[in-house]
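In what follows, a structure is listed as structure tokens, so that the remarks can point back to it.
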Amino acid sequence: MALPPPDPQFVLRGTSAAVQALHFSCGGQEPDIPILFSGSENGFIHVWNLKTHRVDTALDGHGRKSVYCVETMGAKDRLLSQGRDQRICLWDLAEGRTSVTDSVYTEHVGFCRCSLLKVAQGRWLMAMAARGLEEVQVLELPSKTSVCTLKPEVGAKLGMPMCLKLWQLSCGSQPLLLAGYEDGSVIFWNVTMGKALSQLVCHQEPVMSLDFDSEKAKGISGSSEKVLSIWSLNEQQNLQVCKTHKLVNAGISDITIRADKKILATAGWDHRIRIFGWKKLKPLAVLDYHTGTVHCVSFSDHRNPRETLLAAGSKDQRITAWSIYTQT
Amino acid sequence: VCFIPGGLDCSMAFVSHVLGKVCIHGRQKEILGILVPLLAELTRSDCIWQRICWHLLDCVPDRWMEAVVLGFVQTAPGADALSRLLGNLVVKNKKAQFVVTQKVLLLQYGHTTEVLQNLLGYLSLDSPRRALLLRVLQELLETWSSSSAVKHSPPEQQLYISKAILICLSHLKEPEVQSCRQELLTGMMEGVKCHLDSSLPQLRRLGMVVAESISSKINTEGPVLKFEYEEDDETRELKSLLVQTPPLCVVPSTPDDKSEKTDAALPLVPESNKKSQTAAPVMPDEESDAELDSDDDLIPYDMSEDKELKIKAPVYIRDCIEVLTGSEDVDKWEATVKALESLVRRNPAATREVSVELAKILLHLEEKTCIEGFVELRQRAQVAVLTVDPIPVSKYLTSQFYSLNYSLRQRMDILDVLVLAARELSCPKFHGKTKHSDAQKPRIQLLPGNDSSKDWRRIIDERIKSKTRRFAMGQCHMEEASSPNEFNSVAGYFFFPLIQHFDRPLTTFDLLGEDHLVLGRLVHTLAVLMYLAVNTVAVTAMGKALLEFVWALRFHTDSYVRQGLLSCISSLLLSVPAELLLADMTEELLETQSWLGDVVEKDPDGDCRKLALQNLLLMENLKKKLEAV
């Protein structure tokens, strides 16, 4: 007899706008407080204290335009946020400061979240959708120098890039990029050479979100249709579809694989969060709490795996935190 | 007929005379059937035979020239053969020129496409004749673009002219196109306007195809004109005429380039990206890897509650009205639109309270989101409201038909809804279940075509068939359960208001003027309402009013309207009981009969003539039936 799905461990209220982005920063040692960053549609980034479940600070740096991506660079006092004001802001939050130290003007009017990758101590690569319609630009941070611009060939009607993931096989190896586009295809780019290694048509509709497991060289992508697509990268650096999973309701906003590569979570337009096992994509749970589209899901980076949380932010202005499958 | 080669001069005059005489007597097929293939073979390689043939034709007297040339054009196996046989006859001989360039193309229209191909190909094959080709094209284009020709000539002739234009276009070379580009453009613009104005869908399609072809010819680079229409055999045939296939036989002697392929400017489809691989699922070896699956540790939770997300539609009619008028919630709006018809039918009492308001909302309802079949859903809801509460709603709808500031589409929607509701009201209903959906589905044509008129005509045809005597009676089918004809009490409300104000023009709506399309639809609607009013009390009064209406409009220029008027007469003759017809409307019927006779003989439109003939037959049947009594 299967157990009924669990309830959220706690619910954070108080953003007063739809939640578009979430990012945990809980890796610090005691007495560091675990933090959750959330970006909302009203342009604010809330810094939630996960011990008191209250907002510690609210950051206003995007001129009240929706913030749809928040990431930390290393420690929790270096924050990166991307908003609909076409800017990516770098914040310095140490010692209670709340100032924007730097910003990058992307000229991108879409919703493509940028992707960060640490390549060396103090050096990061960031992939973002650029000004040209189908282009992805890779910048080095904090110097903001352009490493390359990845342009698909002329005539390939890919549309806008919708989601990006920068990764590398091991520290120091070549950075690689997976990009999902509006026409439903995923392209695998080699950033150093600036050329595309493989292209795969995964969906009939735009690829809304993707995530990739570099150890198993397997990735998953979700779109606005009812299908999740799992694909892999073989030895010849070619993408192939492994399988597809049909969902009950159409539309996925976000997919994320947990750091231990055991489970993954999808955020659905049907207000539900679905949990799958990563090995075989076995459906594990359907978490039904929100009353609006779930925009983002994120797993926490607690050192103690038993404390790992899954957070979901939704259009109904709530952030739920779930403790699920933590005993392994 | 054998000749002595070798330098002997023979006179061909006698042979020409014989040929001419035979042809004029109508025996073209027999003599030319033998002569032409023979000559075609002989002239293929031998120049002397060519000259003999030309001389033969030159000597045919003028009074027989037409028959001979026509015969040759019809029997020649191809344009190049015709060219060898006739030579430059058209340039030298005035009569031949007249026949080829004017008579066959503009004054007659019974020839096949092959004949047209031969003729126009022949004109294009030699440079002195090409000037004639251009002239021919200009004249054809003038005819095609004249609005009176479009209105008054039969559709068959217009098809013929269109084909000729397309074949001419296919033969034109680039410099020639450039030289007459301006005329082509003006001709096309005028012509396409007249064609699109017409009420017959066939003519509109013809206009569209020809305009597209002309535009693609004159703008080989850059955007071309592209219409949206349904492809059918006719349009495909027309488009195929634009591309000339090279003739199969290659004649080395003639200097012209035989393989004249036209540059049919089909838009180039951009090549799809070859690099994208389509998703070919690769099934990994399923259970062969024996690695311990730690996923097994993860026990799934109960997911039985995970069902499809359904938006609930409102359950009460008044809620529906609220959602449709005010709500911002598009999901709810969609659900309401889909559920409305069944709600209305299930709650007739509640609907009657708000029927006029609901009808008003539905008439003005616009598509907020992209639902499949929105037009049909709206129409079915309207029909449901009308059948549930006929009198007030029909009063509202008919009054709105003649009001200001409605679009033509909305007025035609009103007519469609009235017809569908009338049909439903007058059909016998089975116990409990109303079989409206199945019976109506194949007949409802929702696209703004005039296709619904064909269905109505089909109904009338069936009725006529049922009235003709059959000597072998098949199995009688089970009598359907009869129930009172609900249309009886409301037929008048549907019919009379529609007929009332047709001659009163409003600022935005003039039935007798520009809006003859709506007039056509109105006339067809009245025909159906008349037909459905059989056995009702008001049928005689309706019949009288209809007859007067038809009489006032009988000389209308639009053939669609005339077809509608003739259908009205058919419905009248079928619905009003014969005795009442003769008692009340004798003089009108006699006048109508003489009008119908006129139509049968003189009307340019084939469908009108057919309908008029049917009406005359019905009248004959009527007379016979009454005499038999």
Side-chain angles (χ1 to χ4, degrees), chain A residues 1-6 152-158 183-185 187 196 198-204 218 226 229-232 234 238-244 247-251 262-263 268-272 274-288 324-325 327-328, chain B residues 221-223 226 266-314 323 327-335 338 368-373:
Chain A
M1 179 46 199
L3 293 168
E153 58 184 45
V154 179
K157 299 213 173 115
L158 296 171
D183 71 331
S185 48
I187 300 191
S198 169
Q199 178 176 352
L200 178 66
V201 177
C202 306
H203 297 280
Q204 306 301 318
K218 220 164 69 158
K226 279 190 184 179
S229 179
I230 297 96
W231 26 271
S232 67
N234 63 10
N238 279 337
L239 292 167
Q240 302 161 301
V241 174
C242 296
K243 69 157 133 174
T244 55
L247 300 162
V248 173
N249 291 309
K262 291 232 172 72
I263 61 174
W269 292 1
D270 57 352
H271 325 324
R272 296 176 196 154
R274 288 160 206 282
I275 312 282
F276 295 89
W278 178 223
K279 270 234 176 55
K280 295 207 192 121
L281 210 74
K282 177 162 105 171
L284 292 175
V286 175
L287 306 173
D288 194 2
I324 192 162
Y325 292 118
Q327 287 85 4
T328 37
Chain B
E221 70 288 320
K226 189 101 184 85
L266 298 168
L268 289 173
V269 176
E271 293 188 349
S272 50
N273 190 359
K274 293 287 182 257
K275 262 178 70 173
S276 65
Q277 313 165 13
T278 43
V282 169
M283 296 309 277
D285 293 324
E286 282 282 24
E287 304 318 323
S288 62
D289 42 294
E291 75 177 63
L292 239 194
D293 199 352
S294 58
D295 264 5
D296 287 348
D297 291 359
L298 301 169
I299 308 164
Y301 287 95
D302 175 28
M303 294 183 275
S304 56
E305 288 302 309
D306 188 16
K307 284 186 271 238
E308 264 196 47
L309 213 54
K310 270 199 194 138
I311 308 285
K312 294 176 63 106
V323 172
S327 159
E328 288 303 318
D329 185 352
V330 279
D331 292 321
K332 213 153 185 199
W333 185 89
E334 264 188 40
K338 288 188 188 151
K368 234 194 229 180
T369 66
C370 189
I371 312 183
E372 233 179 79

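Chain letters run A, B, ... following the sequence lines, proteins first and then strands; every chain starts at 1.
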Which answer fits A:Pro283, side chain, backbone, both or neither, if we ask what part of it has an atom under 4.5 Å from a heavy atom of chain B? both
What's the shortest heavy-atom distance between B:Ile299 and A:Leu284, and which atoms? C-CD2, 4.4 Å
Which bit of A:Leu247 comes within less than 4.5 Å of chain B, counting heavy atoms only: side chain, backbone, both or neither? neither
Heavy-atom cut-off 4.5 Å, strictly under: side chain, backbone, both or neither for A:Asp270 against chain B? both
Would you say that B:Tyr301 contacts A:Ile275 through its side chain, given a criterion of any heavy-atom pair below 4.5 Å between the two side chains? no
Heavy-atom count check: over 12 atoms from other residues, nucleotides or ligands less than 6.0 Å from A:Lys218 NZ? yes
Give the minimum heavy-atom separation between B:Asp302 and A:Pro4, together with the two atoms involved. CB-CA, 4.0 Å
